[in-house]
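Inspection log for the structure reproduced underneath, given as structure tokens.
Model, not experiment: these values are computed from the prediction. A note on names: the letters A, B, ... follow the listed sequences, proteins ahead of strands, and every chain is numbered from 1.
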Amino acid sequence: METNEYREQRLASMQTLKEMGYEPYGCKYDHVDLKVARETFEEGRPVRVAGRLLMIRRMGKMNFCTMNDGTDRFQLIFKRDELSETAFAAFKQLNLGDIIGAEGVFFTTQKGEKSVVVKEWTMLAKALEQPPEKFHGLADQEECYRRRYVDLMTNDESRARFFTRSRLIMEIRKYLWDKGFVEVETPILQDQAGGAAAKPFFSHFNALDKDCVMRIAPELYLKRLLVGGMNKVFELGKDFRNEGIDRTHNPEFTVCEIYEAYGDRTSMEAIMEGLLPHLCDKVIGTRKVEYGEKKEIIDFNPPYRRVAYKDLVKELMGDDWFELDFAAQLEKAKAKGRETDTNLELDGITRELELTHEVYDKLIEKKLMQPTFVTRIPHEFVPLAKACKDDPSLVDVFEFVVAGRELCPGYTEQNDPLEQRKALENQAGEDTEKIDEDFISALECGMPPTGGLGFGVDRLVMFLTGTDSIRDVVLFPQMKTTA
RNA sequence: GGGAGCGUAGCUCAGCUGGUAGAGCAAGUGACUCUUAAUCACUGGGUCCAGGGUUCGAAUCCCUGCGCUCCUACCA
């Protein structure tokens, strides 16, 4: 057990409190939230509050405390005149971080601070650990992630961000329910990982003595539901991808996948154009959100720009880009790279398609600040998607780009079982056992033409709260174990 | 995966070209009945991330490991 002077002192003060009749760990305490207390403040009215002591300003016979209960901060006053002898003496045993309940009356100080003058108080929980510094709070990022409870109790912005996250998730559900979508749950433990290209986490099912994986996407199960006649469904839950951790990736992350039968890619565009303003209005309070270090304004007012992939390329590289021969394109790309001081990775690129995509990735997508649907994407980049009717070299999908990053793809889903099998076989290569035969079988029962969409909830929260790191919007991000 | 930076008191951080460790907050004692990052006086508090090396001497220089951050690459 870790021991230090603070712990020793607090254990001692706990003992003293016990002797004075103050049980250090109390019980249910009727009270009002400090936020409510502030809103309903009325001079002289009795009130009961409860929370953690953030600051104590001792002045002898009149003492001021700042209490925080997670909803607000509020000042308590402990005056000798107003308290019993025991209650006043016991007050001296309180430490920062202790949780108490206090009963008293509303009072405004000479400086105009709304306060509660305490008449009686009780211990609810003694803190044995010293809380972080009152002014800076807990600033060490690693400690904030590993000991989120300390971060939350001291950093108001952090706590507020997680309340915002929670409300965003509720409003996503509300919006979709209002549009007639039904929320469903599909298996997280699966025999094989499908619906995306990612390495899964492996587990073992003891009773059946078989290995299983944790899902990398719910897609293939949701489509089975469309076959079954659940026409408008969504699932909001976790995916698990056995890959690295960085500023935008946590191995377990929250996704929202949405499918609409008898729809297509454009139905999904309509959903994003409805959902994002809804979230802005209900939760954020503005449709113009600041993002990134440059505080660029992202305007979520619809409609959003729709532009074909090739048109975007032509905008930057010239109308004749697709008529040039490869050597000329290469020269032009290099020149553009120098011009914009961008490091293009051109080694090993031998085909026009690859070169164009490198240009798109490095020079175009990153510059798309405002919400944009990039449509009609080359088939090769999205091999499982359904082709455009008028051009089989393109697929009928969009990539929804915000602030230079892809927020989500949307699809006109492939419902031709023969084409789907061909594409899956192509992707699996020799590893044919990875094909989900039951899924193909479901498609063979007939799946209506469908629009589908899946977005990362964590990343959406990042965009809407102007947060740079996924770890700041996930309560308990994955961390390496310390020795 | 590659590169850079960081790790010092409970917390936030200083610590130069190597000479046995510093501040503020917090804590203890005392003063103070309108403070609000209260103020004032005194006092205590350290595995300088871990392990090795160089040196008479290492928080400081070198190597290895661990963790975090940033950049970059990969990955939807």
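Legend: salt bridge (Lys or Arg N to Asp or Glu O under 4.0 Å) pairs involving residues 393-405 of chain A, not counting sequence neighbours, sorted by first then second residue: A:Arg265-A:Asp396.
The CZ-C1' distance, from A:Arg471 to B:U69, rounds to 10 Å in whole Å.
Within residues 131-154 of chain A, the residues that place at least one heavy atom under 4.0 Å from RNA chain B are, in residue-number order, A:Pro132, A:Glu133, A:Lys134, A:Phe135, A:His136, A:Gly137, A:Leu138, A:Ala139, A:Asp140, A:Glu142, A:Tyr145, A:Arg146. For the contact set between residues 74-92 of chain A and RNA chain B, defined by any heavy atom under 4.0 Å, the members are A:Gln75, A:Lys79, A:Asp81. Taken residue by residue, residues 112-126 of chain A places heavy atoms nearer than 4.0 Å to RNA chain B at A:Glu113.
Phosphate contact (OP1/OP2 of B:C74, side-chain N/O of A:Lys199, threshold under 4.0 Å): absent. Distances shown here put every side-chain N or O of A:Arg247 at or beyond 4.0 Å from the OP1 or OP2 atom of B:U69.
Every residue meeting the salt bridge (charged side-chain N to carboxylate O under 4.0 Å, His left out) condition with A:Arg173, not counting sequence neighbours, appears here in chain and number order: A:Glu183.
Taking the centre and axis of the six-membered ring of A:Phe106, the NZ or CZ atom of A:Arg38 falls outside the cone set by 45° and 6.0 Å.
Residue A:Phe107 is in base contact, counting any heavy-atom pair closer than 4.0 Å across all strands shown. Contact annotation for A:Thr66: no contact, since no heavy-atom pair falls under 4.0 Å across all strands.
Distance noted for atom C1' between B:U17 and B:U36: 46 Å (whole Å). Comparing the C1' positions of B:C16 and B:G2 gives a spacing of 32 Å, expressed to the nearest Å.
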Sub-3.5 Å pairs of nitrogen or oxygen atoms, protein against nucleotides 45-50 of chain B:
none

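Side-chain contact of A:Glu8 with A:Tyr6: a donor-acceptor pair under 3.5 Å is absent, judged by distance alone.
Atom-to-atom distance recorded for A:Arg421:CZ and A:Asn426:CG is 13.0 Å, nearest 0.5 angstrom.
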